[in-house]
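Worksheet: one structure, shown below.
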Amino acid sequence: MVDTDSGWDGRGGRGSRVTRNTGGARPAEPIPGRRVAAVSLVALAALATGCEPGAATGAQNTPPPARPTQAAAPSPARTAPVTGDAEPRTAPPPSPSASTAAPAPTPSPDATTARPAPEPSTAPPPRVLMRTGSESDRVRELQARLRQIGHFGRNPTGYYGSVTADAVRSFQAKRSLPVTGSTDEVTWRRLLAMTRVPTAAELRPPTERPVAAPDERCLKGRVLCISKNSRTLAWMIDGKVVSAMDVRFGSEYTPTREGVFEVFWKSRDHVSTLYDTPMPYALFFSGGQAVHYSADFAANGYGGASHGCVNVRDKKKVAALFDQVRTGDKVVVYW
């Protein structure tokens, strides 16, 4: 009920007031009601413009548009809020524009396809220059060069035998070359690059094997200094080597005696009465044992043995030795 004792009609003049309605519900205030309606409209407008994608229930999970100037890197997927009993939704990553996205890398053919095995080389093998059975001055040079770098332990002979083949194999193995034992162009070029031109003394030394260091008993006077270890004979006068030659000795059952002896008999065209074999240029020093030329040694090398004598295979050298040695000259046989 409106109090009208002031005579005012309630249109908002100065001094007017409103009294409580004591008989019914409180009338709604017009101004606060308008503020609630305005706030609701603002919230709906915000949802409609999409400022926060996927923030409202029932809104579409639409990704933001891609930037036109740069292809955006895929960002982690966002999870939509849970509404009610629904499971969380995972928003798909933004798809780049067809015009700005970088093309997917094309797999290399090698990544998916195995390379075919290389075909075997059809190049011909290097030409062989020397092999077992060869005999020449080049073989002599080969042996001299191999000896310079420690692969050939004898003096050059000019004949390519098993010892030379083994020396070539040793050289090839150490230089990672095909180990064949034959001297091909590649092996020969490598050897030439590592060695020097042999001297005349290196190419044609007096013996096949290096002459051993003389025994101290050979250092004075005129001595036939014979080493079983090096299988050489050195004719020495006052400690100097006058000549040297290869020799071989008796077998296990007919060994050559060791020790100090003297030449007691010289026989130029001697023939053995025990074995009926020729013993030219014989220099006897101990019983029936003598230094002499052996045709069997010259033909077969160290494949055989004597009956106790000291065999020489170089006929010219032993002939010259026979002329120089005197009866009574010393003979030293040692290891």
Side-chain angles (χ1 to χ4, degrees), residues 153-157 159 163 201 204-335:
R154 302 184 181 183
N155 289 333
T157 62
Y159 178 75
V163 175
R204 299 184 183 277
T207 61
E208 176 183 316
R209 298 172 182 273
V211 177
D215 186 272
E216 61 180 5
R217 295 169 292 182
C218 301
L219 299 179
K220 294 181 179 180
R222 298 162 59 91
V223 186
L224 290 173
C225 196
I226 303 170
S227 169
K228 284 189 172 182
N229 185 42
S230 66
R231 295 189 282 189
T232 59
L233 181 154
W235 167 231
M236 302 181 66
I237 299 177
D238 295 330
K240 295 182 180 180
V241 177
V242 178
S243 64
M245 56 207 73
D246 297 322
V247 294
R248 73 176 183 181
F249 305 97
S251 67
E252 180 183 357
Y253 302 103
T254 57
T256 302
R257 301 180 188 100
E258 300 161 20
V260 179
F261 311 93
E262 289 183 358
V263 176
F264 65 89
W265 182 31
K266 296 174 59 174
S267 179
R268 184 179 296 273
D269 298 311
H270 190 79
V271 177
S272 172
T273 57
L274 183 61
Y275 300 104
D276 194 25
T277 56
M279 296 173 55
Y281 308 107
L283 301 168
F284 287 92
F285 62 87
S286 177
Q289 295 186 354
V291 176
H292 67 86
Y293 171 73
S294 170
D296 181 76
F297 183 27
N300 301 315
Y302 291 99
S306 74
H307 292 99
C309 289
V310 178
N311 291 164
V312 181
R313 62 179 170 185
D314 192 321
K315 194 170 184 177
K316 290 183 179 179
K317 284 186 176 181
V318 73
L321 180 68
F322 183 86
D323 293 337
Q324 297 175 41
V325 173
R326 305 169 187 168
T327 302
D329 285 345
K330 188 190 307 185
V331 178
V332 178
V333 182
Y334 68 100
W335 279 100

Measure across [X] and [Y] and return the closest heavy-atom pair with its distance rounded to 0.1 Å.
X: A290; Y: C309; answer: O-CB, 3.2 Å
X: A244; Y: K317; answer: O-NZ, 3.2 Å
X: R222; Y: V325; answer: NH2-CA, 4.4 Å
X: P210; Y: S230; answer: O-CB, 3.6 Å
X: S267; Y: F284; answer: CB-CE1, 4.3 Å
X: H270; Y: A282; answer: CB-CB, 4.1 Å

Test log, rule side chain to side chain contact (heavy atoms under 4.5 Å, CB included), inputs D329 and L224: CA-CA 8 Å; D329 285 345; L224 290 173; 5.9 Å; no
Results of ring pair (Phe, Tyr, Trp, His ring centres under 6.0 Å) for H307 - residues two or more places apart only: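 Ring pair (Phe, Tyr, Trp, His ring centres under 6.0 Å) check on H307 returns Y275.
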side-chain contact (heavy atoms from CB on, under 4.5 Å) partner of P214, the single match among V332, V223, L219, V241: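 By the side-chain contact (heavy atoms from CB on, under 4.5 Å) criterion, P214 pairs with just one of V332, V223, L219, V241: L219.
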Value rounded to 0.5 Å, distance of CG in D314 from OH in Y293: 8.5 Å
Given side chains that start at C-beta, do those of [X] and [Y] come closer than 4.5 Å, heavy atoms only?
X: V291; Y: I226; value: yes
X: V260; Y: K330; value: yes
X: L233; Y: L321; value: yes
X: Y334; Y: S227; value: yes
X: H292; Y: N311; value: yes

SB check D323 K266 (cutoff 4.0 Å):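 Result for this pair is no, no salt bridge flagged.
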Would a distance-only check, ignoring hydrogens and angles, find a side-chain to backbone donor-acceptor pair under 3.5 Å from [X] to [Y]?
X: S294; Y: F297; answer: yes
X: T232; Y: D246; answer: no
X: T207; Y: M245; answer: no
X: K228; Y: E258; answer: no

Qualifying ring-ring contact (aromatic ring centres under 6.0 Å, His included) pairs, either residue in residues 212-262, two or more places apart: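 Counting only pairs at least two positions apart or across chains, the ring-ring contact (aromatic ring centres under 6.0 Å, His included) contacts touching residues 212-262 are F261-F285.
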